[in-house]
Amino acid sequence: MNVGQPEKKHNDFFQNVYDVVRLIPAGRVTSYGAIAAYLGSKGGARMVGWAMGSSYTEHGIPAHRVVNREGVLTAKMQFRTPTTMQELLEKEGVIVKNDKIQNWKERFWDPEKEL
DNA sequence: CATCTGACTCCTT
DNA sequence: AAAGGAGCCAGAT
């Protein structure tokens, strides 16, 4: 029963972000800008991270696979512990050193390209 | 109702 | 080349 009328709620943006993040395969990482670009939101780079930040990162969303465009774990502090993000990434096979992802270019998962 | 902040990114100096 | 400031949208106070 959707009534054919798009509700158009702010949640739409959030849902979009969550959907893309959940589609990120294990061992892969992406940047906020990539997701924002895929969603079509230009200045959405902040919005993307902010969207999950409001969700506290733990809602079935592998937020640890999302980092800034430099491959640096900027959001590690948002996790329960400043090392949780890195631990999760390493557990999935992603090498993180000095809070930065190694082979970032190879690990980079572009939704527009992969999807 | 108006103001400010925010897990970013790009441009200018 | 590096550092700093401005810009984007949406939610919260």
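Basis for what follows: all heavy atoms, side chains included, without hydrogens, waters or symmetry-related copies.
- Rounded to an integer number of Å, the gap from A:Phe14 CZ to B:dG6 P is 15 Å.
- Side chain of A:Ala45, nearest nucleotide from C:dA10, B:dT9, C:dC9: B:dT9.
- Put simply, CD1 on A:Ile101 is 13 Å from C1' on B:dA7, counting in whole angstrom units.
- Between the CG atom of A:Leu73 and the C1' atom of B:dC8 there is a distance of 15 Å, given to the nearest Å.
- Checked by atom type and distance alone, the side chain of A:Asp110 pairs as donor or acceptor with a backbone atom of A:Glu112 at under 3.5 Å.
- Within the 4.5 Å cutoff, side-chain heavy atoms of A:Leu88 are placed close to those of A:Phe79.
- Rounding to whole angstrom units, OH of residue A:Tyr32 and P of B:dG6 are separated by 15 Å.
- Side-chain contact between A:Val67 and A:Phe108 is absent, with no heavy atoms from C-beta onward closer than 4.5 Å.
- In the set C:dA10, B:dT9, B:dA7, the nucleotide with an atom closest to the side chain of A:Ser31 is B:dT9.
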Output one line per pair: protein atom, nucleotide atom from nucleotides 10-13 of chain B, and distance, for all N/O pairs under 3.5 Å.
{"from": "B:dC10", "atom 1": "OP2", "to": "A:Arg69", "atom 2": "NE", "distance (Å)": "3.3"}

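- Proximity of a side-chain donor or acceptor of A:Arg65 to a complementary backbone N or O of A:Ile24 within less than 3.5 Å is detected.
- Separating the CD atom of A:Gln86 from the P atom of B:dA7 is a distance of 20 Å, rounded to the nearest angstrom.
- Follow the hydrophobic side-chain contacts under 4.5 Å out from A:Val48 and you reach A:Leu23 in the same cluster.
- With rounding to whole Å, A:Tyr18 atom OH is found 15 Å from C:dA10 atom P.
- Taking atom CG of A:Leu39 as the reference point, atom P of C:dA10 lies 12 Å away to the nearest angstrom.
- The side chain of A:Ala75 lies closest to B:dA7 when the candidates are B:dC8, C:dC9, B:dA7.
- For the pair A:Ile61/A:Arg22, a side-chain contact is recorded, criterion being any heavy-atom separation below 4.5 Å from C-beta on.
- Of the possible polar contacts, none joining the A:Asn103 side chain to the A:Arg107 backbone as a donor-acceptor pair under 3.5 Å is found.
- A:Phe13 places its CZ atom 14 Å from the P atom of B:dA7, with the value rounded to the nearest Å.
- Nearer to the 5' terminus of DNA chain B, by closest-nucleotide assignment, is the contact made by A:Trp50 (compared with the other of A:Asn68 and A:Trp50).
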